There are 2 protein chains.
Amino acid sequence: MSTKYTRGSFQLMKSINRSVILNMIRSKGPISRADIAKQTNLTPPTVSNIVKELLDSQFVVETTQGSSQGGRKPTYLEINANQFFIMGIDVGRYHIKFVITNLYGELVEQLMLDIQAQPEANDLIEKMKEGIYQIMQKGGRNKDKYLGIGVAMHGIVDVNTGVSLFAPSFQTHNIPIQEELAKEFSMMVHVENDAKAMTLGEWWLGNGNDEDNIVGINVGHGIGAGIMIRGELFQGANFIAGEIGHMTIDLSGPKCSCGNYGCLQTLAAGPAIAQRAIKELKAGNTSMITDIVQGDLERVNGEIVFEAATRGDEFSQELLKQTGRYLGIGLTNLIHTINPNRIIIGGGVSHAGEFILDSLQETIQARIITDAAKETEIVPSQLGDNASAIGACVLILQNFFHGGKQVSQ
Amino acid sequence: MSTKYTRGSFQLMKSINRSVILNMIRSKGPISRADIAKQTNLTPPTVSNIVKELLDSQFVVETTQGSSQGGRKPTYLEINANQFFIMGIDVGRYHIKFVITNLYGELVEQLMLDIQAQPEANDLIEKMKEGIYQIMQKGGRNKDKYLGIGVAMHGIVDVNTGVSLFAPSFQTHNIPIQEELAKEFSMMVHVENDAKAMTLGEWWLGNGNDEDNIVGINVGHGIGAGIMIRGELFQGANFIAGEIGHMTIDLSGPKCSCGNYGCLQTLAAGPAIAQRAIKELKAGNTSMITDIVQGDLERVNGEIVFEAATRGDEFSQELLKQTGRYLGIGLTNLIHTINPNRIIIGGGVSHAGEFILDSLQETIQARIITDAAKETEIVPSQLGDNASAIGACVLILQNFFHGGKQVSQ
DNA sequence: ATAAAAATTTTAAAACTCATTTTTAAATAC
DNA sequence: GTATTTAAAAATGAGTTTTAAAATTTTTAT
């Protein structure tokens, strides 16, 4: 991999400005040409020229006229959000979720299909195609209205080729998702890890900006993180950046599926919560959980513990508090390494809400080494269960809006 | 901190190209104009124009003529390396090191001054000024030959303002190093954390390129890391990115100065090695160390353990092996979070060489979750004890050579 | 009505890169 | 030794896009 020289050229100059203007309209719109010029330091003619092209391509529309500040009324520009659409797919352990969003990333259509346990690669691809055809039909929009398909997939993904390198839940290797879908639907396809897609989605639709370093944590069956640096998801050398589920925090902790002891996910992921609950219940602790599962401890899982906690079960609440403490230790390690502005907690565990978040916050406050870093915001996901699917759409949106940044083609 | 829009402009276009050409000459030189044009995809006139400016400013010189491939001889261009110089300062616990390098980062002058224990901020600044005057006099070069002063300082540094926010070894706060030195010497001053400076130095003078993600680890009194992402040191929101010394890896480990238990540096830094040695010797173990310190266990430190290990002391060798294992666990966590291409081990511990590195490698190989990531290179520092000081020079060099990238001024 | 002020548009100039040609210089073939 | 070929570097003019300034449009204030 040799250095790619990005030379300065007129195309580069223009694509940067196009990007800047498009993003200004997206994030600050409705906005007038004059305001764009002021805020970007571009000159009025430059803005006018590029806006003309954006109007021609239908990505932007002139909407209302604003009120005058003592002169000609400004003509407001807005993203023509409902003229183009994006397909997002979130491949989960038991189902695949399909969504369609507009250019603002707003949900306009959704669909869920079940998948069999431990599917083969081929079945997965076929299921994805099936769902795409179904949801497209449901929406009734012409195919050329779609800018592309984004796919969020758990496990390790080569984002350059769009191949799912390894998916632990399915035990599959090297599924060429991008190639297969691009061939079938002939549009742009991007594939990304689910935690990373979630993070991108939260960043894009929250108030993330290019300066922010945010980290998104997906706590479910495992624990994964997405790291945004200077407006881009950070991949690392082998696409495993963010695999914090296997961060060792307790050398004498429980054994993990990876073979090591005391990985974060053996202490704080969904199955870990269930395991601890079962163990303590067998040891004679009493809890509402026993009633909920009607005595069958095999049925205990994270969601059931959350439910009991919400209904006031003290045993479950204490269990979740402990989980929050473990997670807090993992996040403190992360803050000492990455030092993000904000950490977003998503995935199944976010249903446990305050029980986990409060003790997590306390733990971080107690352990972090500098006062400044104590200000790190810890917030729950805004997009909830749709975060990864919408984030998958943002893969395409980002490419569209920040296309000018892709200077090294 | 709001988004900074970098607009496309003629200056940007040209400064990018200037940068590209300058770096091409630096990394591939001696090189002809024609070759630059070929490799950068710039056209010959563009290259010629910019090269003319670089020749005028004396940063580049025409050197020998190459041999012809059946036509006019190419005129080779090279960086005019010994026409301009950079000052680098490494502020250690007990001494300050001053170096001067040329434009290639090659050492041309060095000097060491002792500092008193726990100095005041003012004394430190005065000592730095004193050393700069001394080494400048030693070199006998005109002041305008210096492009700037780079400072590597342990602890937490605000690189934007050049303020040492906190230096644990001195217990000082908010020393305005950049301001003071810029006032005294009226030239560009950059300040950076020592582990980060070390990493930058290794990246620049090794074979780092823009695509590489490398991490440098400085293991001495504490443990710090520098993270390079896309050719820049990663700072995080509060400049504490890379503070991996306080990464918890063993919940039931020894107490750390920060108040937590089982921080990486309580297990793998210099003082930790010494502590473990003392404890085990008191418990009755026998070792060459006892002879070296002539029975005075107070005198045991990391360096002495290294010495004993090198001389064949099995007790010390085993101790270092154990240290390597702890460090390996910390680095595995880092790989699962950052996933760099290469990790460079520097600082005092690099004197312990193979004893630590071998068991460190083994530990990582055993614990990492994907085969691809097992390929992560772990290498010792090339620049050794000068790494931070030379890295400090690279702060200025990088600004000079990649100046075109500083588009948001 | 008239003046002032703000939002666009128009126009011309400037800053570059880009494609092509020309000049220079050396190597090789005859 | 001369002509031919090849390649490097410089020169020329065209093309793209920003930039600066002026003109136009539209509205509010006097």
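By convention in this document, chain letters (A, B, ...) are assigned in the order of the sequence lines, proteins followed by strands, and residues within each chain are numbered from 1. All of these numbers come straight from a predicted model, not from anything done at the bench.
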query = Between A:Asn41 (CG) and D:dA20 (C1'), how many Å, whole number?
reply = 15 Å
ask   = Passes side-chain contact (heavy atoms from CB on, under 4.5 Å), B:Arg18 versus B:Asn23? Steps please.
value = CA-CA 8 Å; B:Arg18 198 190 106 108; B:Asn23 276 292; over 6 Å; no
key: Exercise: do A:Glu62 and A:Thr75 side chains pair donor with acceptor under 3.5 Å   = no
request  = Provide, to the nearest angstrom, the distance between the OH atom belonging to A:Tyr76 and the P atom belonging to D:dT26.
outcome  = 18 Å
query = Is there a residue in residues 42-52 of chain A whose heavy atoms reach under 4.0 Å of DNA chain C, and which residues are they?
reply = A:Pro44, A:Pro45, A:Ser48
query = B:Arg33 or A:Met13: which one's nearest nucleotide on DNA chain D is closer to the 5' end?
reply = B:Arg33
Rounded distance (Å) that lies between atom C1' of D:dA29 and atom NZ of A:Lys73 = 16 Å
request  = Using atom NZ of B:Lys14 as one end and atom P of C:dA14 as the other, report the distance to the nearest whole Å.
outcome  = 16 Å
inquiry  = I want to check a possible cation-pi pair here: A:Lys145 against A:Phe85, using under 6.0 Å from ring centre and within 45° of the ring axis as the test.
reply    = no
ask   = Between atom CG in A:Leu77 and atom P in C:dA7, what is the gap in whole Å?
value = 13 Å
inquiry  = Pair A:Glu78, A:Lys28 - check salt bridge (charged side-chain N to carboxylate O under 4.0 Å, His left out), show working.
reply    = CA-CA 9 Å; A:Glu78 257 180 275; A:Lys28 305 274 175 67; over 6 Å; no
key: Under 4.0 angstrom between A:Ser9 side-chain N/O and D:dT16 OP1 or OP2   = no
request  = Scan A:Asn17 against the nucleic acid and name what it touches under 4.0 Å (heavy atoms): base, sugar-phosphate only, or nothing.
outcome  = sugar-phosphate
key: For atom CD1 of A:Ile16 and atom C1' of D:dT18, their distance in whole Å   = 13 Å
query = For B:Ile21 and C:dT17, what is the distance between atoms CD1 and C1' respectively, to the nearest whole Å?
reply = 11 Å
request  = Report the relative orientation of the aromatic rings in A:His402 and A:Trp203; use parallel for angles under 30°, tilted for 30 to 60°, perpendicular for over 60°.
outcome  = tilted
query = Out of C:dA14, C:dT17, C:dA7, which has the shortest distance to the side chain of B:Phe10?
reply = C:dA14
message = Does the Lys NZ or Arg CZ of B:Arg26 fall within the cation-pi geometry relative to B:Phe401 - under 6.0 Å from the ring centre and within 45° of the axis?
response = yes
Check: A:Tyr146 ring centre within less than 6.0 Å of A:Phe84 ring centre = no
task = Between A:Gln11 and A:Lys38, just flag the one whose closest nucleotide in DNA chain C comes earlier from the 5' side.
result = A:Lys38
